[in-house]
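Below you'll find the structure, written out as structure tokens, and then a few comments.
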There are 2 protein chains.
Amino acid sequence: MSITIKEIAKLAQVSTATVSMILNKKDQCIGDATREKVLAIAAEHHYIPNNAARSLVTRKTNTIGLIMPDITNPFFPEIARGAEDKASESRYSIIFCNTDDSERQEEKYIDILTEKMVDGIIFAHAAESEEGCSGLNKCKLPVILIDRDYNNENVKGRVVVDNEKGSYSGVSHLIKQGYRKILYIAGAIKTQTAKDRLAGYRRALSENLIDYKDYYVKSGSYRREWGYEAMGQFLNENIPFDSVFCGNDLIAFGAIKKLKEAGYRIPEDIGVVGFDDIYVSSMMEPALTTVKQPNYEMGYRAVELLIDVLEKKNLESNHKIVLDTELVVRNSTRLLK
Amino acid sequence: MSITIKEIAKLAQVSTATVSMILNKKDQCIGDATREKVLAIAAEHHYIPNNAARSLVTRKTNTIGLIMPDITNPFFPEIARGAEDKASESRYSIIFCNTDDSERQEEKYIDILTEKMVDGIIFAHAAESEEGCSGLNKCKLPVILIDRDYNNENVKGRVVVDNEKGSYSGVSHLIKQGYRKILYIAGAIKTQTAKDRLAGYRRALSENLIDYKDYYVKSGSYRREWGYEAMGQFLNENIPFDSVFCGNDLIAFGAIKKLKEAGYRIPEDIGVVGFDDIYVSSMMEPALTTVKQPNYEMGYRAVELLIDVLEKKNLESNHKIVLDTELVVRNSTRLLK
DNA sequence: CTGAAAGCGCTTACAG
DNA sequence: CTGAAAGCGCTTACAG
């Protein structure tokens, strides 16, 4: 146990109110002599404030909850790091929670974070469904949504990625390189994210006067296995193609695996573009061009926005920050036609 | 704001003490009628306890700090997940902190966690040096060290990996496959981890009557660039070899890159074994056999041990848990000689 | 079996 | 410029 404010007050022969004010820098109106004496005593005894006591009266904990599906999914560490960096800069801490996409877990963590009196929550609701998140509806805390947009009245802000534009830029890149028959292996299809990415794909095609064909598109899940399987289906169906746009990098890895097994070279024979740019992309598949999601920034900006909402007491806020993707072109040895 | 204990007491016409006891299940001696009435009211008003108030008197927050170098380093998410899973099972939360191997950051976070009154700290001090961690010396909180062993009186336990045995098993595997001239590209050399891994390498050699040669071993850092560079040096020096044991997987990736550039096939020509088994190993380099560190388990066991220390008030504890590695053999197509 | 009371360490009007 | 006092919501001896 560290020394308390009361003990400092006794040593300095002042009241606890004075000590409190000095320690909190609300001391415009306090004599220099008093201030110095108090500060000296606090330093000497290595005073550490008791946040529980402070929180009890201020109703602030300087703690933020970060709810996400799974930190071991390589998609999330960057977000977590961005969030923690901004939090730490602003003297907040982050409590992190893994939900494994389970609504029950989400609810449970929202309850726990409420008990812990966190000041707000950064929430990555990554379930495939667009239905309501029941936990969110009950939640009394300010929430910033990340990555996936979602309608809910408790949400005070969102930080998302411009999926339509990202997808557009990836597909346009393929077209500029001379590819024309571009398959699309999507992950989910019902979510807004998936719809936006598909829209970008279509816009790139149409602006380049390429017809959109239904049978060039397959949707499944954001997993490597799906990329592998979907690619296999396309090959079986003998659909002519010269390139593949994938809903995320994992799908791309699966597709590339299948393509390589079938004897294709990447990208000399077949151009492949993924989405997300998870950590392994550059190490694992130097041929994979990727539409990179700014995940670090997403975490960072989300915390920034939350703190803004908290400190301005701007509880009616409903900001939406849309981040741009970046096209990371790797080893595209194919020449322009 | 949720309802308070006082309001429940008023509604139920009992004292707050009674309500508190019932809610905390310290109610062996309380009448069923009273209990049911209180519980019903609490449920009806969706009572959520205020942890700050509780912590103030119990001096417990049910929160644990996790200090590690960097969650975006693929080594750490598994640890973090294991820790969070165990914490969550036992109704604890985890505050996570990234230090970037900086002692200043470590100290800063220890101070913050002390203010936040976490019950204890899981600490991955990953600096290369074996010198003191000044933050740890000042720290008043119980600390469990993970991954790297380290002497300090505030440490109440450690969860580490049997590096000597792991290294021994990896090198033995190479020998069993018929390789005899085994290079060793180490990361750091001064740390205990590095020394243990070297010791395991030597023991495997000696048990198989293979001479240890100084010039077969190079040490640098745990980075891909170092693996690439060291492999280049070995090639330049024209040292005869048939396999490489690497201090970690990243080094192995670098070494493999150089080997492939030099025209070798893995593992047909050259056997390579890494250490750690970071996430990408299996996806990226299917030829890479790895001594896998049980990182998830490390996080899990560390929190388990910490909670044990906390709840048994066993503050004199100095447990050391040594986890075994697991050899993950991938695509070892080389035949036994 | 239950209640009255003290107290955890702090902040915040308010009075002077 | 500073102090006395109330109170945040809870738990814990203690008394009955």
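Values reported hereafter were calculated over all heavy atoms of this structure, with side chains retained and with hydrogens, waters and symmetry mates removed. Source: prediction; values computed, not measured.
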Atom-to-atom span, CE of B:Met117 to C1' of D:dC10 - whole angstrom: 13 Å
Short side-chain N/O contact to C:dG3 OP1/OP2 from B:Thr18, under 4.0 Å: yes
Distance, rounded to the nearest Å, where A:Lys6 contributes NZ and C:dA6 contributes C1': 11 Å
A:Lys60 side chain to A:Ser55 side chain, donor-acceptor N/O pair below 3.5 angstrom: no
Exercise: do A:Arg54 and A:Asn62 side chains pair donor with acceptor under 3.5 Å: no
Side-chain N,O (A:Arg59) to OP1/OP2 (C:dT11) below 4.0 Å: no
Closest nucleotide among C:dG9, D:dC10, C:dC8 to the B:Asn50 side chain: D:dC10
Donor + acceptor pair across side chains of A:Ser15, A:Thr18 (<3.5 Å): yes
B:Ile5 CD1 to D:dC10 P, straight-line distance once rounded to whole Å: 5 Å
Heavy-atom side-chain proximity of B:His46 to B:Ile48 below 4.5 angstrom: yes
OP1 or OP2 of C:dG9 under 4.0 Å from side-chain N/O of A:Thr4: no
Residue mapping more 5' on DNA chain C - nearest nucleotide basis, B:Ala17 or B:Ala53: B:Ala17
Between C:dG9 (C1') and A:Tyr47 (OH): distance, integer Å: 7 Å
Side-chain donor-acceptor contact under 3.5 Å, A:Ser93 with B:Lys116: yes
Residue whose closest nucleotide on DNA chain C lies nearer the 5' end, B:Leu56 versus B:Gln13: B:Gln13
Rounded distance in Å - CD1 (B:Ile8) to C1' (D:dC10): 12 Å
Gap between atoms CE and P, on A:Met21 and D:dG3 respectively (whole Å): 11 Å
Given D:dG3, C:dC10, C:dG7, the nucleotide with the shortest approach to the side chain of A:Ser15: D:dG3
B:Arg81/A:Asn98 under side chain to side chain contact (heavy atoms under 4.5 Å, CB included): CA gap, chis, key distance, verdict: CA-CA 8 Å; B:Arg81 180 67 205 255; A:Asn98 300 287; 3.3 Å; yes
Residue B:Arg54, side-chain atoms from C-beta onward, closest of C:dT11, D:dC10, C:dC8: D:dC10
Spacing of A:Ile22 atom CD1 relative to C:dC10 atom P, expressed in whole Å: 14 Å
Interatomic distance where CG belongs to A:Asn24 and P belongs to C:dC10 [whole Å]: 10 Å
5'-to-3' dot-bracket of DNA chain C (Watson-Crick, G-U; under 3.5 angstrom; crossing pairs as [ ]; | other strand): |||.||||||||.|||
Pair B:Tyr300-B:Glu89, side-chain donor/acceptor within less than 3.5 Å: yes
